[in-house]
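Got a structure for you, questions after.
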Number of protein chains: 2
Amino acid sequence: MALKAEARPRSKTRDRVLQVALALFNERGADRVTTAEIANAAGINEGNLYYYFQKKEQLVMALFDFFAAAMLATAETPIEDPSEPLSYTNYQRGWFKLMWDYRLFYRDGPALRGMAPRLRESLAELTGRGQQAVRRLFGLMRQHGFMRATDDDIEVLIGNLWIVSSYWMDFRLIEHGAPVAPEDLAWGFRQVERLVRPYLTERAVLMDEVPQV
Amino acid sequence: MALKAEARPRSKTRDRVLQVALALFNERGADRVTTAEIANAAGINEGNLYYYFQKKEQLVMALFDFFAAAMLATAETPIEDPSEPLSYTNYQRGWFKLMWDYRLFYRDGPALRGMAPRLRESLAELTGRGQQAVRRLFGLMRQHGFMRATDDDIEVLIGNLWIVSSYWMDFRLIEHGAPVAPEDLAWGFRQVERLVRPYLTERAVLMDEVPQV
DNA sequence: GTCTATAATGAGATAGAC
DNA sequence: GTCTATCTCATTATAGAC
C-alpha cells in the first residue's frame with residue numbers, strides 16, 4: 001500500500017519540518033526551496049534535518065502522504081443530497097480547496113517528480129482512485145437525470161477534467177507571470193465547470209459559481 | 001520583438017549543436033541532458049560549446065526561436081477549404097505534428113523555464129498569438145455554420161484547449177510511466193477533439209480521426 | 001574557431017562531537 | 001536529538017593556449 005502514513009514515530013520537530021516545508025513549497029515553488037532553507041525556517045540545523053529525512057525524497061514523500069489522504073477524503077466525500085444540483089457544486093468546491101491547500105503538487109508536479117522519482121507511481125495510483133470516485137459521481141448524476149453522456153463520453157471527460165484540474169495553475173502562471181493567487185481559483189473553477197456543462201441536462205442548474213476558499 | 005531569429009552569424013557547428021540539443025531534449029527530457037552531453041554528441045568540446053552559447057539559457061532560447069516560428073506557421077496556416085469540414089481536421093493534425101516535433105516544450109515546460117527564466121514571457125507572447133489564430137479559426141467555423149457557440153463559450157474553450165494540448169503529454173507520462181510515444185498522439189488528438197465537439201453543429205462531420213505523424 | 005584545462009557554484013548528504 | 005564541520009558531486013562557466 002503506497003499511500004500509508006510513514007512508520008517513524010511522531011515528533012514535534014519532525015511535524016514542524018513538514019509543516020514548514022509544505023508552506024515554503026506552496027508559497028515559493030518546490031524547485032526554489034533548498035533543504036537548508038527548510039531547516040532554517042523550522043529553526044533547526046541542516047544536519048538535524050537529515051536526522052529525520054535522510055534524503056530530500058523522503059521529505060517529499062512524507063508530504064505526499066498527507067496530500068494523498070486529503071485527496072481521497074475529498075474525492076470520496078459523499079454527496080449530501082444527490083437529488084439537489086447544488087450538492088455537486090459543493091463537491092467541486094471541495095476539490096478546489098484541496099488544490100489550493102496542496103497547490104505544490106498541482107503547480108510543481110514535474111519539479112517534485114525530479115526530486116522524488118518514486119512519486120510518479122504513487123501519483124498514478126492516487127489518480128486512478130480519484131478518477132474512480134469521479135466516475136461513480138457521474139453515474140450518480142446520470143441516475144438522477146442531471147447528466148446525459150455515454151460511458152465513452154465520460155471516460156474522455158474525466159481525462160480532460162483531470163488534465164485541466166491538474167495543470168491550470170501552471171498555465172495561468174505562464175499567461176500572468178504572477179504565481180497563482182486565491183483570486184485565480186474562480187478562473188480555474190469556471191474552466192472545469194465548462195468541461196462538464198455540455199453533458200448536463202436541463203434539470204441541472206448552472207454550476208459556475210465562484211468557489212469559497 | 002521576442003520571436004526573431006538570433007543575430008549571430010550562422011555556422012555549421014552552431015547549427016549542429018542546436019540540432020543535436022533538440023534531439024537530445026526531445027528524446028530524454030530537458031532536465032536530463034547536460035551541456036557536456038550536448039557538446040559530446042555534437043562532436044565538439046565543452047569549452048567550445050560556450051563559444052556559441054555562453055549560458056545554457058541562450059541555447060534554450062535559440063531552440064525556442066525555432067519552436068516559435070514553427071508554432072506560428074502552424075497556427076496561421078490557412079484553412080484549405082473553409083466549407084469543407086475535413087479541412088479543420090487537417091488543421092488540428094498540423095498542431096499535433098508540431099507538438100511531436102517540439103515535444104520538449106510541451107513535456108518539459110517547467111524544467112525549461114527553470115533553465116531559462118526569460119522563456120516565460122516569450123511563451124506568454126507566443127501563446128497569445130497562437131490563441132488569436134485559433135479564435136479566428138472558430139470565427140470562420142461559425143460563419144460556415146459548423147460551430148454554435150457564444151463568444152464567451154469560445155474564450156473558455158480556447159483556454160481548455162490550450163491546457164489540454166499543452167499538458168496531456170505530462171499527464172500521460174504519469175499514468176503510463178513510459179515517455180510519450182507516437183502511438184499516444186491518437187489519444188491526445190481524441191481528447192482535444194472532444195473538447196470542441198459539443199459546440200459543433202450537425203453540419204460538421206465527426207473530427208475524431210487518428211492523426212498521421 | 002576549437003581545444004585543454006580548471007575554476008566556481010550550489011546543492012544534497014554525512015561523520016562525529018556534544 | 002541537535003549541532004559543527006566537512007564531503008561529494010554534478011553542472012555551469014571561464015581563461016588562455018593553439
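So you know, we letter chains A, B, ... as the sequences are listed, proteins then strands, and number each from 1.
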Margin query: Five pairs per end, C1' atoms only: what is the angle between the end axes of the helix from C/dG1-D/dC18 to C/dC18-D/dG1, to 10 degrees?
Written below: 10°
Check: Do the side-chain N or O atoms of B/Asn45 get closer than 4.0 angstrom to the phosphate oxygens (OP1, OP2) of C/dC3?
Finding: no
Margin query: I want to check one thing: is the phosphate of D/dT2, taken as OP1 and OP2, less than 4.0 Å away from some side-chain N or O of A/Thr13?
Written below: yes
Notebook entry, point to check: Over how many whole Å does the gap from B/Leu49 atom CG to C/dT4 atom C1' extend?
Noted result: 15 Å
Next item on the list: Round to a whole Å and report the spacing from CZ of A/Arg32 to C1' of C/dA11.
Entry: 16 Å
Note to self: Could you check whether A/Ser87 and A/Asn90, counting side-chain N and O atoms only, form a donor-acceptor pair closer than 3.5 Å?
What the structure shows: no
Dump every N/O contact between nucleotides 13-18 of chain C and the protein below 3.5 Å, one line per pair.
residue : atom : partner : partner atom : Å
C/dA13  : OP2  : A/Lys56 : N            : 2.9

Next item on the list: Check the side chains of A/Arg135 and A/Gln132 for a donor-acceptor pair under 3.5 angstrom, ignoring hydrogens and angles.
Entry: yes
Notebook entry, point to check: Roughly, in whole Å, what's the span from CG in A/Leu59 to C1' in C/dA11?
Noted result: 15 Å
Next item on the list: Measure the distance from CG on A/Asn40 to P on D/dT2 and round it to the nearest whole Å.
Entry: 15 Å
Check: Among D/dT11, C/dC3, D/dT2, which nucleotide sits nearest the side chain of A/Tyr52?
Finding: D/dT2
Item checked: Residue from A/Arg190, A/Arg197, A/Gln191 passing side chain to side chain donor-acceptor pair (under 3.5 Å) with A/Glu193 -> A/Arg197
Next item on the list: Check the distance between D/dT12's P and B/Gln58's CD and give it to me in whole angstrom.
Entry: 13 Å
Next item on the list: Determine: side-chain N/O of A/Tyr51 to OP1/OP2 of D/dG1, distance under 4.0 Å, yes or no.
Entry: yes
Margin query: Assess whether a salt bridge exists between A/Asp184 and A/Arg172, defined as any Lys/Arg side-chain N lying under 4.0 Å from an Asp/Glu carboxylate O.
Written below: yes
Check: Within a reach of under 6.0 Å around CZ of B/Arg16, are more than 12 heavy atoms found that belong to other residues, nucleotides or ligands?
Finding: yes
Margin query: If you compare every side-chain N and O of B/Asn48 against the phosphate oxygens of C/dG1 (OP1, OP2), does one of them come in below 4.0 Å?
Written below: no
Check: Would you call the rings of A/Phe105 and A/Phe67 parallel, tilted or perpendicular, where under 30° means parallel and over 60° means perpendicular?
Finding: parallel
Next item on the list: Could you tell me whether B/Asp108 and B/Arg103 make a salt bridge, using a distance below 4.0 angstrom between a side-chain N and a carboxylate O?
Entry: no
Next item on the list: To the nearest Å, give me how far apart CG (B/Asp31) and C1' (D/dT12) are.
Entry: 16 Å
Next item on the list: Applying salt bridge (Lys or Arg N to Asp or Glu O under 4.0 Å) between A/Glu37 and each of A/Lys56, A/Arg28, A/Arg32, report the one that passes.
Entry: A/Arg28
Checklist line | Geometric class of the A/Trp168/A/Trp187 ring pair [parallel <30°, tilted 30-60°, perpendicular >60°] | finding: tilted
